[in-house]
Amino acid sequence: MQFDWRAISGPALTTATALAAFLVDRYVIAVPNPAPLFVCIVALASSISGLASGLTSAAIAVVSSALFFLNHRAVPGYDASDLMRMLLLAATAVGTAVITGLLRQKWIDAFAWEQKHHATAMRLSAALDQVDIGIVLLDSDTRAEFINRAFRDYFSLSDEQADAKPPFIALMYHGRDTGAYELPEDELSLFIAQRTEMMRAGDSTPINIKMADGQVLRFSCTALPDGGRMLSYTPVTDLVRHTDDIGNADYYRSLRGGGERSLARHLRAAE
């Protein structure tokens, strides 16, 4: 059986403090009532081990104070002021134990909730790193809170750069500086301005982005309830199949703005 030192630390410290006060008061010098010190120990006990330890320490504190008051009277017994002080100590000690214990439990529950959701977020992050769709999550200030592995690979973004939570505009300029886009240099500024405006407006209209390596990514922006944005970059290069009938080349290119379902319907009709 494992020894739980936290559970007995509060009661043990309260008892030790009471004994020390009795001995010093009797054999060394008169000391004032240690009730304020008892209250502090009760709070410590509740914060370390919970409500049960705090209430046990409070009970020991009240009994010890009662004995301490009795020892300071010429005749055995208590007067009205003694009883009032003990009642106040009991109320204060119990109240301190309850409040501190409840706050401790609330903190423990909040920590457990945070740990659970952190584990869920880590699993989700690991899962998103396995897909070939580039995913970027922006906060309300358009800074990247999450960038998955596919996006980093498409745009040659280092882990250090991605983990620095760059703003969306910095990601766009990074793509320009690394020559990721298949666009003339004089069109890049307009392209970046248009993409930024669409993102800020939360425009969900998908657009296709031609990459310098021959890939085509379908960019889509989704507005989130907290004011952030989810950006997705889906590879759609295979929708333009150069080996198909040359007479249908324009049609297949148009599907880059349409979707896989339209392509499937067209192929079935051709059969």
Side-chain angles (χ1 to χ4, degrees), residues 118 120-244 249-260 262-263:
H118 177 71
T120 301
M122 292 299 293
R123 288 195 296 270
L124 179 59
S125 174
L128 291 177
D129 276 337
Q130 302 303 313
V131 301
D132 62 351
I133 301 175
I135 301 292
V136 178
L137 295 180
L138 304 177
D139 61 17
S140 57
D141 294 326
T142 73
R143 299 191 71 89
E145 291 187 316
F146 172 77
I147 302 175
N148 77 336
R149 180 58 52 189
F151 182 93
R152 301 182 191 202
D153 292 341
Y154 289 142
F155 292 92
S156 302
L157 190 69
S158 69
D159 291 342
E160 182 180 356
Q161 292 171 310
D163 295 339
K165 297 185 177 182
F168 175 74
I169 190 67
L171 295 176
M172 296 296 295
Y173 282 125
H174 172 79
R176 180 201 65 181
D177 295 340
T178 57
Y181 305 114
E182 188 186 273
L183 284 173
E185 190 170 343
D186 58 349
E187 296 181 14
L188 282 172
S189 296
L190 178 61
F191 170 77
I192 292 174
Q194 290 175 339
R195 298 294 78 76
T196 303
E197 180 61 29
M198 289 182 65
M199 180 276 300
R200 292 186 181 277
D203 189 344
S204 59
T205 304
I207 62 169
N208 293 331
I209 301 176
K210 295 181 180 179
M211 307 295 289
D213 60 1
Q215 295 190 85
V216 180
L217 302 179
R218 177 168 296 162
F219 169 81
S220 180
C221 174
T222 302
L224 302 178
D226 63 354
R229 300 286 186 268
M230 183 181 77
L231 312 178
S232 63
Y233 297 79
T234 307
V236 292
T237 311
D238 56 340
L239 293 181
V240 181
R241 307 195 308 188
H242 299 291
T243 57
D244 287 324
D250 291 338
Y251 175 77
Y252 286 119
R253 290 191 182 94
S254 70
L255 291 178
R256 289 156 63 176
E260 295 180 0
S262 298
L263 175 59

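A quick note: this is a predicted structure, and the numbers were derived from the prediction, not measured.
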- Gln161 side chain vs Ser158 backbone, donor-acceptor pair below 3.5 Å: yes

- Item | Val216, Asp213, Asn208 screened by side-chain contact (heavy atoms from CB on, under 4.5 Å) with Thr237, the one that passes | Val216

- Message: What I'd like to find out is whether the side chain of Thr142 reaches to under 4.5 Å of the side chain of Arg229, using heavy atoms alone.
- Response: no

- With a 4.5 Å limit on heavy-atom distance, are the side chains of Leu231 and Leu171 in contact? no

- Item | Separation between OH of Tyr173 and OG1 of Thr178, rounded to the nearest 0.5 Å | 14.0 Å

- Item | Straight-line distance of Gln130 CD to Ser125 OG, nearest 0.5 Å | 10.0 Å

- Message: Does any part of the side chain of Phe168, heavy atoms only, come nearer than 4.5 Å to the side chain of Val136, both counted from C-beta?
- Response: no

- Task: Decide salt bridge (charged side-chain N to carboxylate O under 4.0 Å, His left out) for Asp163 and Arg152; before the verdict, give the C-alpha distance in whole Å, the side-chain angles of both, and the deciding distance to 0.1 Å.
- Result: CA-CA 11 Å; Asp163 295 339; Arg152 301 182 191 202; 3.5 Å; yes

- Query: So which heavy atom on Tyr154 is nearest to which on Gly134, and how close?
  - Reply: CE1-N, 4.0 Å

- Message: Working to the nearest 0.5 angstrom, can you tell me the gap between Met122 CE and Thr120 OG1?
- Response: 11.0 Å

- Message: Would you compute the distance between atom CG of Leu183 and atom OG of Ser189 and round it to the nearest 0.5 angstrom?
- Response: 11.0 Å

- Grab the two heavy atoms, one from Ile133 and one from Thr234, that are nearest each other, plus how far apart they are. CG2-OG1, 3.7 Å

- All side-chain hydrogen bond (donor to acceptor under 3.5 Å, both in side chains) counterparts of Ser204, not counting sequence neighbours: none

- Query: Any idea which heavy atoms bring Cys221 and Asp203 closest together, and the distance?
  - Reply: CB-O, 3.5 Å

- Query: Can you say whether the rings of Tyr233 and Phe155 are parallel (under 30°), tilted (30 to 60°) or perpendicular (over 60°)?
  - Reply: perpendicular

- Item | For the student: nearest non-hydrogen atoms of Arg149 and Asp129, plus distance | N-OD1, 2.7 Å

- Between Ser156 and His174 the two heavy atoms that sit nearest each other are O-NE2, 3.1 Å

- Task: Quick one: pull up CG in Asp153 and CG in Asn148 and give me the separation to the nearest 0.5 Å.
- Result: 8.5 Å

- Query: Does Lys165 reach the side chain of Asp139, with side-chain heavy atoms less than 4.5 Å apart?
  - Reply: no

- Item | Any Ile192 side-chain heavy atom under 4.5 Å of Arg195 side chain | no

- Message: Taking atom CD as the centre, does Glu185 end up with more than 12 heavy-atom neighbours from other residues, nucleotides or ligands that are less than 6.0 angstrom away?
- Response: no

- Polar side-chain atom of Asp159 near backbone of Ala162 as donor-acceptor pair, under 3.5 Å: no

- Item | Separation of Ile209 CD1 from Glu182 CD (nearest 0.5 Å) | 12.5 Å

- Do you know which of Glu145, Met199, Arg143 makes side-chain contact (heavy atoms from CB on, under 4.5 Å) with Leu138? Met199

- Item | Nearest atoms (heavy-atom pairs only) where Tyr181 meets Gly175 | CE1-C, 3.5 Å

